[in-house]
Novice: 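Shown below is the structure under consideration.
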Amino acid sequence: MAQIQSDFNLPRNSYVSFDATSLKALLKNRLDQNSSFTGQDYESSNMSAMIDVIAYSYHTLLFYLNQTATESMFSEAELYENMNRIVKTIDYKPVGFQTSVLTFESTADNTLPANTYTIPRYSFFNVGGIYYSFNSDVTFTKTVNAEEALADLQAKQLLYQGLYREYPLLTAIGEEFETAVILPGDDVIIDHFGIDVYVKSADTGKWSQWERTTSLYLEKSVSKKYEVRLNENKQYELKFGNGNTGKQLEAGDVLAVYYLESAGSKGEIGPNILDRSRLTKYNTVQFQTVFNQIKDANIKYITQVQMAAITFTNSNGSSQYYEGETVQDIRKNAPKLFGTVKSGQFCRLMRFQ
């Protein structure tokens, strides 16, 4: 390794071997070689105090130098916020918290007539203060008027631990790639895939549901899509298009955000906990206004009274709660998606040539 041209003749990386104590000893040894200075040998002297200040100041600066040097590199970063910022440059979106999921069995009694029904999104169970919810509309068919096991219902859907919450309405300012940060509180756990967005157009006054996309660069100019990214502070950012890649929000558009709030590991349950629990329809004034405008008029949604005719059980326990990607997970997973994301962006850009 190349040497630094100085009286010390040290390797270039020798700075990492110094701390306050070793630097203080080095300063004292150098001063001892000159008979003009003697105060360094007395701990209470002004010279000794000056040496302490220099040595410990150097130690602090060296710490920050080392942190800055390593935390700016993908292969060396150890702090989550730094790694998160680094992979943002390649459009990698770290996976955040994932709530427990639950399989179930369901049976409809003879009071529910044979027909095709749809359970509306966000309907939930309350099991001793632990909530499990449907994250989308679920359609099933009852074929007979007698009691019947609803095989197609239990085969189509999982229950997600948590209860959907309404975030305060947001108003768009109409800028390109407008971004909204969801700040529900420091102790609130949001399921990574449990965020839905509805937009009320400033022009028409009508609500519409916008869909989540992995990358706006793959979307058309009129696509009602948005990206979700867990940022360096572990808060979710919603990013919308610019009118070329994804539809741009107009000034005055109103955003209604619904997110699944998880109880974390406390929401994990064992077998048979769901037995005889009744399903409850999600019903708020704001949601009903939004839902009435976006729902399909040809779909027969099940009523709260009809829900009482269906019993649910769970012969298996829930899955475990997932804490989200760590720094090491990101270091392993980000390179796998780099090529896919970049090639997709290139293909999207070629459409404009």
Side-chain angles (χ1 to χ4, degrees), residues 79-81 83-85 87-88 91-102 120-127 129-137 157-172 177-199 209-216 224-240 249 254-269 280 282-284 286-287 290-291 318-327 329-330 333-334:
L79 299 179
Y80 180 87
E81 54 266 34
M83 177 61 84
N84 189 293
R85 290 190 188 100
V87 298
K88 186 176 183 179
D91 202 29
Y92 182 79
K93 300 176 179 62
V95 176
F97 310 110
Q98 288 182 252
T99 195
S100 302
V101 297
L102 184 69
R121 65 195 69 183
Y122 311 157
S123 297
F124 62 91
F125 296 92
N126 183 352
V127 187
I130 298 175
Y131 295 93
Y132 274 81
S133 303
F134 287 105
N135 67 349
S136 62
D137 295 347
Q157 188 70 22
L158 295 170
L159 287 169
Y160 294 81
Q161 194 283 308
L163 181 67
Y164 275 88
R165 303 290 188 182
E166 284 180 339
Y167 194 74
L169 294 175
L170 302 171
T171 302
F177 294 120
E178 187 160 347
T179 301
V181 181
I182 306 304
L183 303 171
D186 294 338
D187 298 328
V188 175
I189 301 174
I190 298 179
D191 177 63
H192 186 79
F193 298 102
I195 301 175
D196 293 334
V197 176
Y198 306 87
V199 178
Q209 183 174 8
W210 288 42
E211 302 295 333
R212 184 168 177 164
T213 182
T214 56
S215 177
L216 288 169
K224 295 181 178 181
K225 300 290 184 72
Y226 62 95
E227 291 182 10
V228 176
R229 189 176 195 281
L230 184 66
N231 67 19
E232 64 274 10
N233 300 314
K234 294 198 172 181
Q235 298 165 344
Y236 282 98
E237 297 178 352
L238 309 179
K239 180 180 176 181
F240 300 85
L249 292 175
V254 178
L255 280 64
V257 179
Y258 291 81
Y259 61 87
L260 182 61
E261 181 181 352
S262 171
S265 58
K266 296 179 182 178
E268 299 171 8
I269 62 174
T280 301
Y282 188 85
N283 190 13
T284 68
Q286 177 183 298
F287 178 73
V290 174
F291 191 64
S318 66
S319 66
Q320 291 185 332
Y321 164 72
Y322 176 60
E323 288 281 358
E325 284 186 310
T326 63
V327 169
D329 292 332
I330 296 173
N333 297 332

Novice: Can you sort out the partners of L260 under side chain to side chain contact (heavy atoms under 4.5 Å, CB included), two or more places apart, ordered by chain and number?
Specialist: T99, S133, Y160, Y164, D191
Novice: So which atom in I130 and which in G267 form the shortest heavy-atom distance, rounded to 0.1 Å?
Specialist: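 Scanning both residues, the minimum pair turns out to be CG2-O, 3.8 Å.
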Novice: Just by distance, do the side chain of E232 and the backbone of N84 share a donor-acceptor pair under 3.5 Å?
Specialist: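 Checked: no pair found.
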Novice: Can you tell me how far CD of Q98 sits from CD of Q320, rounded to the nearest 0.5 angstrom?
Specialist: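 Spacing of CD (Q320) from CD (Q98) equals 13.0 Å.
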Novice: Looking at E268, is its backbone amide N or carbonyl O close enough to the side chain of S318 to form a donor-acceptor pair, meaning the two atoms are under 3.5 Å apart?
Specialist: no
Novice: Is the ring pair Y282/F287 parallel, tilted or perpendicular, if the boundaries are 30 and 60 degrees?
Specialist: perpendicular
Novice: Could you pull out all residues at least two apart from E261 that satisfy salt bridge (Lys or Arg N to Asp or Glu O under 4.0 Å)?
Specialist: R165
Novice: Any non-hydrogen side-chain atom of W210 less than 4.5 Å from a side-chain atom of K225?
Specialist: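 No; the side chains remain at least 4.5 Å from each other.
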Novice: A side-chain contact here means heavy atoms from C-beta on lying under 4.5 Å apart; do V127 and I269 qualify?
Specialist: no
Novice: Should N333 and V95 count as side-chain neighbours, where that means a heavy-atom distance under 4.5 Å?
Specialist: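 When only atoms from C-beta onward are counted, V95 and N333 do not touch, as no gap falls below 4.5 Å.
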Novice: Any chance you could measure N135, atom CG, to I195, atom CD1, to the nearest 0.5 Å?
Specialist: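 Those atoms lie 12.5 Å apart.
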Novice: With rounding to the nearest 0.5 Å, note down the distance linking OH in Y226 to NZ in K239.
Specialist: 15.0 Å
Novice: Can you tell me if S319 uses its side chain to pair, donor with acceptor, with the backbone of V101 under 3.5 Å?
Specialist: yes
Novice: Do the non-hydrogen side-chain atoms of L102 and S100 ever get within less than 4.5 Å of each other?
Specialist: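 They are not in side-chain contact.
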Novice: Could you walk me through whether S262 and Y321 pass the side chain to side chain contact (heavy atoms under 4.5 Å, CB included) check?
Specialist: CA-CA 9 Å; S262 171; Y321 164 72; 4.2 Å; yes
Novice: Calculate, to the nearest 0.5 Å, the distance between atoms CG and CD belonging to D329 and E323 respectively.
Specialist: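 Answer rounded to 0.5 Å: 11.5 Å.
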Novice: Nearest 0.5 Å please: distance from the OH atom of Y80 over to the CG atom of N233.
Specialist: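 Y80 atom OH to N233 atom CG measures 10.0 Å (nearest 0.5 Å).
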Novice: Kindly write out the residues that satisfy ring-ring contact (aromatic ring centres under 6.0 Å, His included) with Y236, not counting sequence neighbours, or none if the list is empty.
Specialist: H192
Novice: Using the test salt bridge (Lys or Arg N to Asp or Glu O under 4.0 Å), find all partners of K93 that sit at least two apart in sequence or belong to another chain.
Specialist: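 Residues passing salt bridge (Lys or Arg N to Asp or Glu O under 4.0 Å) with K93: D91, E227.
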Novice: Under a plain distance cut-off of 3.5 Å, with no hydrogens placed, do Y258 and E166 share a side-chain donor-acceptor pair?
Specialist: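 The answer is yes; a qualifying pair exists.
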Novice: How many angstroms lie between CZ in F177 and CG in L216, if you round to the nearest 0.5 Å?
Specialist: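 Result: 6.5 Å between the selected atoms.
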Novice: Show the numbers, then the answer: is there a side chain to side chain contact (heavy atoms under 4.5 Å, CB included) between L249 and L255?
Specialist: CA-CA 10 Å; L249 292 175; L255 280 64; 4.0 Å; yes
Novice: If you draw a 6.0 Å radius around CD in E81, do more than 12 non-hydrogen atoms from other residues or ligands fall strictly inside?
Specialist: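 Check passes, neighbour count above 12.
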Novice: With R212, which residues qualify under salt bridge (Lys or Arg N to Asp or Glu O under 4.0 Å), at least two apart?
Specialist: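 Not a single residue meets the salt bridge (Lys or Arg N to Asp or Glu O under 4.0 Å) criterion with R212.
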Novice: Mind listing the closest non-hydrogen atom pair of L230 and G96 along with its distance?
Specialist: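 Smallest interatomic distance, heavy atoms only, reads CD2-CA, 3.5 Å.
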Novice: Has Q209 got a side-chain atom pairing as donor or acceptor with V197's backbone, closer than 3.5 angstrom?
Specialist: no
Novice: Counting N and O atoms only, with roles assigned by atom type, does the side chain of Q161 sit under 3.5 Å from a partner on the main chain of A263, one being a donor and the other an acceptor?
Specialist: yes
Novice: So which atom in P120 and which in S123 form the shortest heavy-atom distance, rounded to 0.1 Å?
Specialist: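 Heavy-atom minimum between the residues: O-OG, 2.8 Å.
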Novice: Sequence neighbours excluded, which residues qualify as salt bridge (Lys or Arg N to Asp or Glu O under 4.0 Å) partners of D137?
Specialist: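 For D137 the salt bridge (Lys or Arg N to Asp or Glu O under 4.0 Å) partners, ignoring immediate neighbours, are R121.
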